[in-house]
Amino acid sequence: MEKYKESLRWKLDKYDGILWDLDEDRVLPHGDHLEMSGKYVSQYVAYHVDENKKVQVEQTLVWPFLRMIPNDTHGSMKTVHQGIVVNPKIRMEGRIVDFTGEQITFDGILRIWENNGNGIQICRSFYPSPDEKSAFLKLSINNNGMVPIVFSISDCVEKGTQRGVHGIYVHECACSRKGQLSLEPGCSMDIFFSYSARKLMEDPVLYDGRISEAKRCNFLMESRDSLELITPDPILNQAFAFAKIRSTESIFETKAGLLHSPGGLHYYAAVWTNDQAEYANPFFAYTGRKEPIESAIHCYRLYQPFMGPGYEAIPSSIVAEGNDIWEGKGDRGDAAMYAYGASRFLLTLGDEEIARELFPAIKWCLTYCEKKKTEEGVIFSDSDELEGRFPSGNTNLATSCLTYEALRTGAILAQELGETKLAEDYLNRREELGEAIEQYFGARIRGFDTYRYCETSDALRSWICIPLTMGLTNRKEGTIDALFSKRLWNRDGLATMEGDHTFWDRSTLYALRGTFSAGETELGIEYLAAYSKRRTLGEHVPYPVEAYPEGNQRHLSAESALYCRIYIEGLLGLSPTGFKRLTCRPALPKTWDCVILKRIQSGQNLFDLEIRQDTRHETYEILVCQEEQKSYFCRRGESVTIVLG
């Protein structure tokens with residue numbers, strides 16, 4: 001691995017998060033941004049620390065339930081808050097108190113700690129309400145001096161309106177305390193600034209910041225308790241914990257029910273066949289959490305009305321709370337994305353009633369893919385998930401590989417639902433498609449025995465990784481060598497195409513998962529550790545990102561779900577083979593004695609998984625802990641079938 005000199009501004013915080021110590025930082029100024037979400041609002045906070053350690057914040061709030069004109073993909077109301085509205089001023093004796101930054105922490109709530117050098121410390125805490133139409137700034141003032149203080153807070157009351165689909169919308173900022181205040185030595189005081197939005201004809205609501213903070217903390221605790229990863233590497237554990245937060249918080253209440261959406265200031269109250277159907281929903285089934293699972297089911301249901309007898313392509317995205325569609329790039333392989341994600345989700349969920357409801361949609365998608373088969377036996381699609389940003393021709397590797405794996409999981413699902421003949425047909429089609437992928441896409445490029453991504457390009461591409469995640473390993477050595485060569489890999493992961501500086505984390509996350517799935521554990525853990533350290537403790541934290549230069553590395557939520565799947569499907573090698581069965585093919589680094597994943601949900605069963613490694617004999621002991629403990633054994637590179645319930 002090429003060694004990069006990594007600048008780490010952050011460190012792990014003993015209180016279950018990360019900390020940036022401004023007193024120790026000598027490389028200023030620096031700024032960053034992150035996003036936090038609740039059912040009705042997404043809170044995007046950009047913070048900047050200047051060379052004198054003065055901290056300024058700008059906040060953008062997105063309100064997906066307040067639809068704008070045009071009511072399209074980007075049609076959520078936004079409000080921008082600057083100046084004293086998010087940087088409140090404290091006055092003492094008629095003068096503004098000057099504060100200097102001490103540290104910034106994040107554990108699901110962003111906190112900015114500052115002091116005046118004379119015994120007064122303040123902390124600004126930013127967080128959204130999980131279930132109310134509000135976000136908050138809590139200003140905590142601590143008098144660490146020896147004498148009482150008398151002070152006032154700058155008038156931060158703000159009100160405005162915007163015009164949208166449903167008429168006039170009102171947004172406002174209110175402060176919980178006003179006037180002259182006093183604070184005794186050794187005492188503290190909390191002042192809450194609430195940012196809310198509503199329709200004009202709705203009554204205003206005074207939201208309680210303390211109650212909303214407690215609800216946010218409960219959400220974070222629920223996230224920590226679900227799918228708790230314990231490895232010997234605390235950075236990996238924290239990165240996994242953060243990814244669970246980002247992937248499961250970005251779920252919004254809409255007219256179509258709860259919908260998971262990417263976020264990033266643009267993508268709300270909408271679903272995509274890649275971000276949601278393919279990336280996030282299969283992960284949600286493992287969490288066992290009600291709202292993520294509900295959002296996944298709503299996502300899959302929304303596409304069913306578009307699956308007609310004429311087999312027209314399904315839309316890439318259903319937007320505006322389910323009221324409109326986006327298909328601006330034609331068929332991106334959306335049916336393959338849907339069939340792949342939905343079949344894995346349903347098998348992991350293990351709910352036969354839901355499976356019977358949604359299986360016809362999977363069958364429709366696999367029939368659609370069959371109808372799109374070319375003379376060469378691969379699958380035609382107009383574009384791919386990058387929507388024409390890079391060449392994708394009329395046949396791309398991703399669409400065919402997704403179809404290949406969807407035929408396998410679709411066959412398992414058909415067998416579980418009693419459609420044995422259909423299951424056999426899917427497996428036969430899968431075998432034929434696998435051979436066609438090898439013949440059509442297999443190529444020697446830049447000296448690597450790997451794949452061409454599409455018929456119009458012979459350049460190395462990041463998405464040559466996708467066969468590895470779908471069980472196609474004929475060219476694994478050349479593909480892995482190409483992925484981690486200087487032509488594609490850089491400090492941020494995979495370049496989308498050799499010779500270009502653009503990167504999209506989604507392909508890096510697939511590549512890392514595929515590397516473990518292909519059995520290249522030592523290489524995989526080296527690159528996973530480097531990637532995780534950069535994303536969790538580096539210059540832009542704390543989540544996986546979408547892309548650069550597009551989008552300013554926004555923290556889109558589905559990428560975090562893909563990060564978690566590196567461990568579940570790659571490192572641990574979990575894959576459902578029935579409603580109450582799954583295979584486990586561990587791929588632990590040789591330096592690890594044990595890895596634990598607690599409170600996994602699969603097949604309507606909750607269990608802990610503990611994998612112990614005997615490096616001397618190259619074996620694993622796999623402990624499945626429910627009411628009773630079951631033990632399984634396998635050699636390195638082998639798998640076992642776990643029967644649940």
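Model, not experiment: these values are computed from the prediction.
Under the rule for a ring-ring contact (aromatic ring centres under 6.0 Å, His included), the partners of His81 that lie at least two apart in sequence or sit in another chain are Tyr195. Evaluation of the ring-ring contact (aromatic ring centres under 6.0 Å, His included) rule for His171 yields no partner, not counting sequence neighbours. Here Gln601 pairs with nothing under the side-chain hydrogen bond (donor to acceptor under 3.5 Å, both in side chains) rule; sequence neighbours left out.
Glu385 and Asn274 are not linked by any side-chain donor-acceptor pair at a separation below 3.5 angstrom, with hydrogens and angles left out of the test. A side-chain N or O of Ser507 and one of Ser462 form a donor-acceptor pair less than 3.5 Å apart. Side chains of Gln43 and Gln59: a donor-acceptor N/O pair is present below 3.5 angstrom, by distance only. A donor-acceptor pair shorter than 3.5 Å cannot be found between the side chains of His298 and His260. Side chains of Thr105 and Asp13: a donor-acceptor N/O pair is absent below 3.5 angstrom, by distance only. For the residue pair Asp25/Trp20, the side-chain donor-acceptor check at 3.5 Å is satisfied. Using a 3.5 Å distance cut-off with no hydrogens or angles, the side chains of Asp500 and Thr502 do pair a donor with an acceptor. Neither side chain, Ser196 nor Ser134, offers a donor N or O lying under 3.5 Å from an acceptor on the other.
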**Asked** Going through the distances and angles, do Glu249 and Arg216 end up as a salt bridge (Lys or Arg N to Asp or Glu O under 4.0 Å)?
**Response** CA-CA 10 Å; Glu249 72 178 353; Arg216 175 70 176 176; 3.0 Å; yes
**Message:** Could you walk me through whether Glu172 and Arg198 satisfy the salt bridge (Lys or Arg N to Asp or Glu O under 4.0 Å) test, starting with their C-alpha distance in whole Å, then the side-chain angles of each, then the deciding distance to 0.1 Å, before giving a yes or no?
**Reply:** CA-CA 9 Å; Glu172 50 198 324; Arg198 59 185 170 86; 3.4 Å; yes
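Here ring pair (Phe, Tyr, Trp, His ring centres under 6.0 Å) pairs that include residues 54-73, with residues two or more places apart or in two chains, are Tyr40-Phe65. Sorted by first then second residue, the ring pair (Phe, Tyr, Trp, His ring centres under 6.0 Å) pairs that include residues 114-145, not counting sequence neighbours, are Tyr127-Phe136. The ring pair (Phe, Tyr, Trp, His ring centres under 6.0 Å) pairs that include a residue from residues 88-113 are Phe106-Phe242, where partners are two or more places apart or lie in different chains.
Note on ring orientation: taking the six-membered ring where Trp is involved, the planes of His555 and Tyr543 are perpendicular (angle over 60°, cut-offs 30° and 60°). Using bins of under 30°, 30° to 60° and over 60° for the plane-to-plane angle, the ring pair His501/Tyr548 lands in the perpendicular bin.
More than 12 non-hydrogen atoms from other residues, nucleotides or ligands lie less than 6.0 angstrom from CD1 of Ile69.
Between His540 and His33, the distance from one ring center to the other falls under 6.0 angstrom. Between Phe283 and Tyr279, the ring centre distance reaches or exceeds 6.0 Å. Tyr563 has its ring centre no less than 6.0 Å from the ring centre of Phe240.
Residues Glu102 and Gln121 have side chains in contact (heavy-atom distance under 4.5 Å, counting atoms from C-beta outward).
Using modelled atom types, no side-chain atom of Thr254 and backbone atom of Glu321 make a donor-acceptor pair closer than 3.5 Å. Panel note: side chain Ser247, backbone Lys244; a donor-acceptor pair is recorded below 3.5 Å.
Considering CD of Glu539 and CZ of Arg535, their distance stands at 11.5 Å, rounded to 0.5 Å.
A salt bridge is defined here as a Lys NZ or Arg NE, NH1 or NH2 lying under 4.0 Å from an Asp or Glu carboxylate O, and Lys54 with Asp98 meets this definition. Residues Glu114 and Arg124 are paired through a salt bridge, judged by an N-O separation under 4.0 Å between the basic side chain and the carboxylate.
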